[in-house]
**Student:** 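Below you'll find the structure I mean.
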Amino acid sequence: MSLSGASERSVPATKIEITVSCRNLLDLDTFSKSDPMVVLYTQSRASQEWREFGRTEVIDNTLNPDFVRKFVLDYFFEEKQNLRFDVYNVDSKTNISKPVSERPLAGLDTQAALPVLNDPPWIPPTPSTLTPPSSPPSLARTHSPGPPLLLLPQFPTYASYSLLLFLLGRCWDPQKDFLGQAFLALGEVIGGQGSRVERPLTGVPGKKCGTILLTAEELSNCRDIATMQLCANKLDKKDFFGKSDPFLVFYRSNEDGTFTICHKTEVVKNTLNPVWQPFSIPVRALCNGDYDRTVKIDVYDWDRDGSHDFIGEFTTSYRELSKAQNQFTVYEVLNPRKKCKKKKYVNSGTVTLLSFSVDSEFTFVDYIKGGTQLNFTVAIDFTASNGNPLQPTSLHYMSPYQLSAYAMALKAVGEIIQDYDSDKLFPAYGFGAKLPPEGRISHQFPLNNNDEDPNCAGIEGVLESYFQSLRTVQLYGPTYFAPVINQVARAAAKISDGSQYYVLLIITDGVISDMTQTKEAIVSASSLPMSIIIVGVGPAMFEAMEELDGDDVRVSSRGRYAERDIVQFVPFRDYVDRSGNQVLSMARLAKDVLAEIPEQLLSYMRTRDIQPRPPPPANPSPTSAPEQP
């Protein structure tokens with residue numbers, strides 16, 4: 001499991017399209033209904049600032065809008081992608097397409113006074129964000145790339161701010177025209193039933209603001225995989241002392257007439273009649289979803305020095321290739337230079353498409369939409385090597401000012417996983433402690449002290465039980481992983497239909513004491529719907545943990561190798577922000593430890609030939625009666 005640098009953003013798992021509707025919005029217009037528009041903001045991982053991502057269109061005179069304009073977001077499973085949806089009433093009589101700076105205003109230098117307002121309309125901040133300055137407002141223009149940022153001159157009072165907008169001919173009252181907002185994570189939308197959620201709008205005191213309905217849909221174009229096999233006959237001879245060593249190069253055409261390479265076959269040595277091995281290629285790589293897009297295939301003679309000799313070329317398309325599902329297709333290989341020079345030139349051989357098939361490529365989102373739940377379990381190291389929790393030097397120290405490394409690791413991973421678990425109940429265990437009252441050593445005790453039901457309500461419930469256990473148990477030892485791995489494996493073994501997938505998070509500070517038993521447990525668990533994340537905290541050297549993370553050599557026990565690579569180990573110290581920013585540290589950790597969960601889930605589903613279930617039907621949301629004109 002290779003890890004990318006903590007500062008690098010991974011390739012998105014997929015692109016998600018968000019469709020927005022609202023129901024029962026506030027009616028703020030006097031002689032008509034509100035003219036709503038939704039503005040989407042995303043939150044920066046580093047600074048936690050909200051930045052505008054995009055806007056819907058404005059729909060006139062409705063309290064139940066269904067917006068046509070969508071939001072398309074890159075989806076990263078390993079990150080908590082916070083979203084904010086603000087709903088505004090926009091006065092349709094206002095000339096919103098014209099920049100404010102272009103509207104005349106006597107006595108003011110509007111070119112220097114105001115930020116540029118482009119279509120769609122600029123949204124001023126709400127009154128709560130207008131802080132009275134101690135000096136007259138600066139009216140200097142600010143510039144920034146991308147959509148106009150909400151960086152405004154500050155005004156002595158809210159009244160003067162409204163007055164200025166009135167003088168501009170835009171009588172816009174942000175308190176009056178604000179219809180409400182909703183906060184949620186992208187994972188909540190995807191993890192909702194049928195990838196749909198409905199949330200109440202809030203933010204207008206004393207008012208019921210209605211609801212916002214969000215639907216997530218993976219952009220599904222070109223998710224098929226094409227498998228094909230080709231052979232050639234009577235290709236031109238290019239080698240002086242032997243025959244040709246042919247191979248094929250596939251290119252897809254671009255809109256500007258250029259071509260992009262998308263596949264190479266293997267080289268078949270010393271033959272003019274090669275038969276290449278079957279190969280698979282994503283349809284999106286072959287034609288980017290355009291079935292009639294030109295696909296060019298070049299035939300080369302391989303040379304050791306890399307100066308491969310061009311034999312010829314031919315063109316086709318995905319649509320034409322797909323006909324080979326029912327019949328052989330033969331293409332003439334043509335060399336344009338030879339064709340121009342030789343009048344009797346026919347071709348440089350032929351290539352035959354022997355077989356062609358298409359299979360669906362299921363994604364992580366397909367399984368989540370079909371109802372697959374991620375069951376999250378936590379196991380925390382309570383061995384004495386962590387230090388006395390009452391001392392600041394302890395890795396478990398409960399500081400009133402900041403979270404410990406254990407709490408940060410738990411919160412970072414758990415807050416993302418919980419969006420994909422409908423009941424938000426998480427089993428949480430400790431290991432390596434002496435339990436009151438008799439001082440029995442336990443390597444698998446429930447943090448909530450309930451042997452019958454170790455579930456905690458949400459990540460906050462896990463943290464609360466963890467802190468309570470620190471006050472009641474005695475840190476001891478040794479460090480055993482096998483008991484808790486086997487505990488989760490027993491639960492995972494009961495579910496084999498793809499409806500549940502288990503993720504075990506182990507947070508530890510030291511050298512493992514039961515390596516043989518742990519390897520045996522991992523090998524057994526590798527055939528189950530289960531992944532294991534191990535986070536090492538503190539300054540220890542974690543060589544033994546690296547051995548469990550089967551990057552280079554698959555974990556084995558008694559001559560039996562793990563069926564899948566299901567373990568991910570990371571040392572927390574590699575993700576700590578040097579400036580002390582805990583939020584950034586947690587984001588970096590979650591990004592790397594969770595990045596491979598989607599592929600591990602898919603690998604299990606593929607090996608068991610489990611296809612995602614159809615999304616469940618959405619519960620019909622309440623809609624109002626058709627509005628009368």
Side-chain angles (χ1 to χ4, degrees), residues 4-20 38-56 69-87 146-147 149 181-199 212-220 363-369 372-374 376 408-422 424 458-460 503 533 575 577 581-599 601:
S4 59
S7 62
E8 298 178 353
R9 194 176 180 94
S10 61
V11 177
T14 188
K15 286 186 178 294
I16 297 294
E17 181 182 79
I18 301 292
T19 301
V20 183
V38 176
V39 183
L40 169 61
Y41 298 86
T42 59
Q43 192 173 40
S44 167
R45 293 181 302 151
S47 65
Q48 300 299 295
E49 294 178 352
W50 291 101
R51 297 182 179 179
E52 181 178 331
F53 180 86
R55 307 173 184 199
T56 66
R69 189 176 297 170
K70 321 288 186 183
F71 300 117
V72 178
L73 297 160
D74 286 335
Y75 168 55
F76 300 85
F77 168 78
E78 63 273 18
E79 297 176 16
K80 189 173 183 67
Q81 296 174 258
N82 291 322
L83 308 176
R84 187 183 100 206
F85 296 86
D86 286 6
V87 186
L149 297 178
Q181 63 185 182
F183 296 81
L184 71 167
L186 179 57
E188 290 181 69
V189 186
I190 297 173
Q193 183 179 10
S195 291
R196 298 177 181 89
V197 296
E198 184 171 2
R199 292 287 186 272
I212 187 168
L213 295 86
L214 304 170
T215 302
E217 182 175 358
E218 183 179 22
L219 293 181
S220 57
T363 67
F364 176 75
V365 174
D366 288 329
Y367 288 96
I368 296 299
K369 289 180 68 174
T372 297
Q373 294 284 306
L374 299 187
F376 182 49
M408 278 197 288
L410 172 58
K411 191 175 179 67
V413 177
E415 284 192 342
I416 291 178
I417 289 284
Q418 71 177 353
D419 288 337
Y420 303 87
D421 189 324
S422 60
K424 305 292 188 291
I459 296 307
E460 294 304 320
V503 179
I533 298 169
Y575 302 89
D577 180 61
N581 186 329
Q582 290 195 339
V583 173
L584 184 56
S585 299
M586 290 191 292
R588 289 172 173 171
L589 176 68
K591 175 182 182 298
D592 270 0
V593 300
L594 292 174
E596 296 188 9
I597 296 296
E599 181 53 39
L601 182 148

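None of these values were measured; they are calculated from a predicted model.
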**Student:** Rounded at 0.5 Å granularity, tell me how far OG1 in Thr42 sits from CH2 in Trp50.
**Tutor:** 8.0 Å
**Student:** Compare every heavy atom of Ile190 with every heavy atom of Ser195, then report the nearest pair and how far apart it is.
**Tutor:**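 Looking at all heavy atoms of both residues, the closest pair is OG-O, 3.0 Å.
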**Student:** Just wondering, do Leu73 and Leu40 contact through their side chains at under 4.5 Å, heavy atoms?
**Tutor:** yes
**Student:** To the nearest 0.5 angstrom, please state how far the CE atom of Met586 sits from the CG atom of Asn581.
**Tutor:**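 Reported to 0.5 Å precision, the distance equals 8.5 Å.
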**Student:** Give, for atom CZ of Arg196 and atom OG1 of Thr215, the distance between the pair rounded to the nearest 0.5 Å.
**Tutor:** 5.5 Å
**Student:** Would you give the length of the straight line joining atom CD1 of Ile18 to atom CZ of Phe85, rounded to the nearest 0.5 angstrom?
**Tutor:** 6.0 Å
**Student:** Could you go through the side chain to side chain contact (heavy atoms under 4.5 Å, CB included) check for Leu214 and Thr19 one step at a time?
**Tutor:** CA-CA 6 Å; Leu214 304 170; Thr19 301; over 6 Å; no
**Student:** Determine, stepwise, if the pair Leu589 / Val593 fulfils side chain to side chain contact (heavy atoms under 4.5 Å, CB included).
**Tutor:** CA-CA 6 Å; Leu589 176 68; Val593 300; 3.8 Å; yes
**Student:** For a 4.5 angstrom cut-off between non-hydrogen side-chain atoms, does Ile16 reach Val72?
**Tutor:** no
**Student:** Side chain to side chain contact (heavy atoms under 4.5 Å, CB included) between Phe76 and Gln81: does it pass, once the steps are laid out?
**Tutor:** CA-CA 8 Å; Phe76 300 85; Gln81 296 174 258; 3.8 Å; yes
**Student:** Give a yes or no answer on whether the side chain of Gln181 reaches the backbone of Arg84 with a donor-acceptor pair at less than 3.5 Å.
**Tutor:**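 The answer is no, because no donor-acceptor pair under 3.5 Å joins these two groups.
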**Student:** Testing the basics here: between Gln373 and Tyr420, what is the closest heavy-atom pair and its distance to 0.1 Å?
**Tutor:** OE1-O, 3.5 Å
**Student:** Looking at side-chain heavy atoms only, is the closest gap between Leu594 and Ile417 below 4.5 Å?
**Tutor:**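 Yes; the side chains approach each other to less than 4.5 Å.
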**Student:** Check the pair Ile533 / Ile597 against side chain to side chain contact (heavy atoms under 4.5 Å, CB included), numbers first and verdict last.
**Tutor:** CA-CA 9 Å; Ile533 298 169; Ile597 296 296; 4.2 Å; yes
**Student:** Would you say Asp366's side chain and Thr363's backbone share a donor-acceptor pair under 3.5 angstrom?
**Tutor:** yes
**Student:** Does NZ or CZ of Arg588 come closer than 6.0 Å to the centre of the six-membered ring of Tyr575, within 45° of the ring's axis?
**Tutor:** no
**Student:** Checking Asp419 now: which residues fulfil side chain to side chain contact (heavy atoms under 4.5 Å, CB included) with it, not counting sequence neighbours?
**Tutor:** Lys80, Ala185, Glu188
**Student:** Can you measure from CZ (Phe376) to CG (Leu374) and round to the nearest 0.5 angstrom?
**Tutor:**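 So the CZ of Phe376 and the CG of Leu374 are separated by 10.5 Å.
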**Student:** Using the test side chain to side chain donor-acceptor pair (under 3.5 Å), find all partners of Glu460 that sit at least two apart in sequence or belong to another chain.
**Tutor:**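 Glu460 satisfies side chain to side chain donor-acceptor pair (under 3.5 Å) with Lys411 only.
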**Student:** Quick one: does Leu601's side chain get under 4.5 Å of Thr372's, heavy atoms only?
**Tutor:**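 Counting from C-beta outward, Leu601 and Thr372 do come under 4.5 Å.
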**Student:** Give the minimum heavy-atom separation between Ala590 and Ala412, together with the two atoms involved.
**Tutor:**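 Nearest pair, atom of Ala590 first, then Ala412: CB-O, 3.6 Å.
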**Student:** If you look at every heavy atom in Ile212 and Ala182, which pair is closest and at what distance?
**Tutor:** CG2-CB, 3.8 Å
**Student:** Please name the pair of heavy atoms, one in Gly191 and one in Ile368, separated by the smallest distance, quoted to 0.1 Å.
**Tutor:**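 Minimum heavy-atom separation between Gly191 and Ile368: CA-CG2, 4.0 Å.
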**Student:** Are the side chain of Gln582 and the backbone N or O of Met408 linked by a donor-acceptor pair below 3.5 Å?
**Tutor:**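 Such a contact is absent between Gln582 side chain and Met408 backbone.
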**Student:** Just say parallel, tilted or perpendicular for the rings of Phe364 and Phe77, cut-offs at 30° and 60°.
**Tutor:**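 Phe364 vs Phe77 ring planes: perpendicular.
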**Student:** Could you pull out the closest heavy-atom pair between Glu78 and Ala595, with the gap in Å?
**Tutor:**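 Here Glu78 and Ala595 meet closest at CB-N, 3.5 Å.
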**Student:** Just jot down the ring-ring contact (aromatic ring centres under 6.0 Å, His included) partners of Phe71, sequence neighbours excluded, or say none.
**Tutor:**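 Expected list: none.
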